[in-house]
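Some notes on the structure that comes next.
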There are 2 protein chains.
Amino acid sequence: MATIKQVALEAGLSKSTVSRFIAQNGYVSDEARKKIEEAIKKLNFTPNLSAQSLKTKKNQLVGLLLPDISNPFFPMLAKGAEEFLKEKGYRVMLGNIGENHQSEHDYLKVLLQSNAAGIISTHDFKEEFPDLDIPSVIVDRVGHKSNYGVFSDNESGGRLAAKVIVEAGAKNVAVVSGPLNATNINNRFKASIAYLKEKKVDFKALYSQSYDFEEIQKEAREVLANKENFDSIIAPSDIHAMAYIHEIHRLDKKIPEEIQIIGYDDIQMSQFIYPALSTIHQSAYQMGLEAAQLIYKIATDQPIEKSKIELPVHYVARETIRQKGKE
Amino acid sequence: MATIKQVALEAGLSKSTVSRFIAQNGYVSDEARKKIEEAIKKLNFTPNLSAQSLKTKKNQLVGLLLPDISNPFFPMLAKGAEEFLKEKGYRVMLGNIGENHQSEHDYLKVLLQSNAAGIISTHDFKEEFPDLDIPSVIVDRVGHKSNYGVFSDNESGGRLAAKVIVEAGAKNVAVVSGPLNATNINNRFKASIAYLKEKKVDFKALYSQSYDFEEIQKEAREVLANKENFDSIIAPSDIHAMAYIHEIHRLDKKIPEEIQIIGYDDIQMSQFIYPALSTIHQSAYQMGLEAAQLIYKIATDQPIEKSKIELPVHYVARETIRQKGKE
DNA sequence: GTGAAAGCGCTAACAG
DNA sequence: CTGTTAGCGCTTTCAC
């Protein structure tokens, strides 16, 4: 790998001039510019990022800390972030955190050690490390401590899910909450319940502990075994909904005739399962994109109009909810 | 961020001693060791990775270059790689390359500029940049140029798919090939065709240009519109199979009674679609893991028994292939 | 066992 | 507009 020194030599100029040229700051004459360009091409020079970062204490690197990359919601989020960031010359470091605190901690450390430009995370680590000096935007699971956040309108989403199911004739609904440490989940959950209470529809609150399909499947089996005779289920995610659908199939019950179910997220899979899942759509891609934009603006000292960005949601009618007027 | 100098000062020792301590090489007395540990804890010191990398010309970083993170095969691969690498103290830089050559090129450059320890990629860039001096292992789409590769037994997989479908009574099969630039796809495809010829079963070769669902859907629509009356389809991936299934539904044909179809990959989604997809299983997670292990071994100068690792595949019977003896 | 010194490749005053 | 200089934080001979 060629160095700036060799380029300077080749071009018959000093390191500083070359440095000014590549950093695009300070004056460089057209003549010098030309010589440098030739030298760079000839030597196939490309600046050493470690040296650059060491000197400037900056790094065009952003950490992307996700709970589970195999959950289809997150690859889309990653894609949204990566596409924007790469366009701006930033790199993304992928961290699959799971529920593992150690792992998160390790990544935070590494990111700090690398002078990373920022962190996009689903977990608000600033609660645990409040004096961590690095820009961070929390996506999806935004709490109140976060300075910057991107999330969808969980309140509306939760209400909407309940509304859809009630209008389709729900009489006895199971409202299942996802793991409660996720604030967004909690908001949806509360909003659904509030709506149900308003409309005086019977319901029971259920609590799921996991996002792992196998785990949820077990929970679903137990829930459905307790003969509560739910005629409707509000699921906290499409993955949850699918696990329930799977178990409902095993019980030979008809969807949506005997049990109707609504998901949340609208992951790609939702349209391919049987019956196709009716769900509340939120855009993971958009979330990743907006989060990346925020980080970029912070890193480049651009003004930020909104530090908390709320994305709209909407209902996608498919086959797991009874159609109005079609009893 | 504290520096090694401050730690040295605090411990009453020299930078070199502290450096030897953190790098775990060279002698450090127990007494010094203790003082350093205290100082590090007190100052919350953690070495600057850029400085380290600049000096040592090494970086515990590996690039993961994928064609499309939203294709469910790749998140699992990423997970396998990330979990192993993080355990070993390495980081992964995620690059979503698409079919974009520029993007791949940019990432290769950045990885080089960062002294990355290696690259895991689905595309054998060494064909284009043969003198790129960085360890690389090609996953999934391994060609002949690659020094290191991890791939599944595509030959067997292709034959197996054809065998399954023939034994289920196929008379007129559409063998669809994925984009042909992917060697693995090509091998499967050829193996399927070879088997079909052996068994003297009528078939037609079809060529898909994409992995994007919408695109494939269009292709499928066209294929099915040309009334060739296929009774069986061998798909190059589960995603392709799903697109075909989707279109077959539109045509109100029964699966597997009128058309049977076999996929490839066994992504999670496959068990949830309707009908559940019969497919050839290969483990993306394992692929990522093995690739990461290879990189790690190369980076740490460990002996490598096998530079090309072939993973086994197997058939997963579900509902899109007719059961033997059940006509 | 430990420290002094040089230097990795780059940037940023500052002087010219 | 360009070059000199110092130094980012770390590692690594090489003396002591």
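No experiment lies behind these values; they were computed from the predicted model shown. We name chains A, B, ... by the order of the sequence lines, and we start the count at 1 in each one. The analysis underlying the following values was restricted to heavy atoms, covering all of them including side chains, and did not include hydrogens, waters or symmetry mates.
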Assign [X] to base, sugar-phosphate, or nothing according to its heavy-atom contacts below 4.0 angstrom with the strands shown.
X     : answer
A:S16 : base
A:F45 : sugar-phosphate
B:K57 : sugar-phosphate
A:T3  : sugar-phosphate

In whole angstrom, what separates [X]'s [atom1] from [N]'s [atom2]?
X     : N      : atom1 : atom2 : value
A:N25 : C:dT11 : CG    : P     : 9 Å
B:I22 : D:dT11 : CD1   : C1'   : 9 Å
A:Q24 : C:dC10 : CD    : C1'   : 16 Å
A:M1  : C:dC10 : CE    : C1'   : 13 Å
B:L54 : D:dG7  : CG    : P     : 17 Å
A:K15 : D:dT4  : NZ    : P     : 10 Å
A:K35 : D:dG3  : NZ    : C1'   : 13 Å
A:I36 : D:dC1  : CD1   : P     : 13 Å

Nearest-nucleotide check on DNA chain C, B:R33 vs A:P47; residue mapping nearer the 5' end is B:R33
Any sub-3.5 Å donor-acceptor pair from [X]'s side-chain atoms to [Y]'s backbone N or O?
X      : Y      : result
B:N187 : B:I185 : no
A:E82  : B:N96  : yes
A:N71  : A:F73  : yes

OP1, OP2 of [N] versus side-chain N and O of [X]: anything below 4.0 Å?
X     : N      : answer
A:Q52 : C:dT11 : yes
B:S29 : C:dG1  : no
A:T56 : C:dC10 : no
B:S14 : C:dG3  : yes
B:N48 : D:dC8  : no

Taking the six-membered ring for Trp, are B:F84 and B:Y296 parallel (under 30°), tilted (30 to 60°) or perpendicular (over 60°)? perpendicular
Which of C:dT2, D:dT2, D:dC10 is nearest the side chain of A:R20? It is D:dT2
With the side chain defined as heavy atoms from C-beta on, A:I4 is closest, among C:dT2, C:dT11, D:dT11, to C:dT11
By nearest-heavy-atom nucleotide on DNA chain D, the more 5' of B:S50 and B:T17 is B:S50
Note: A:T122 and A:P67 closest approach over all heavy atoms is OG1-CD, 3.1 Å
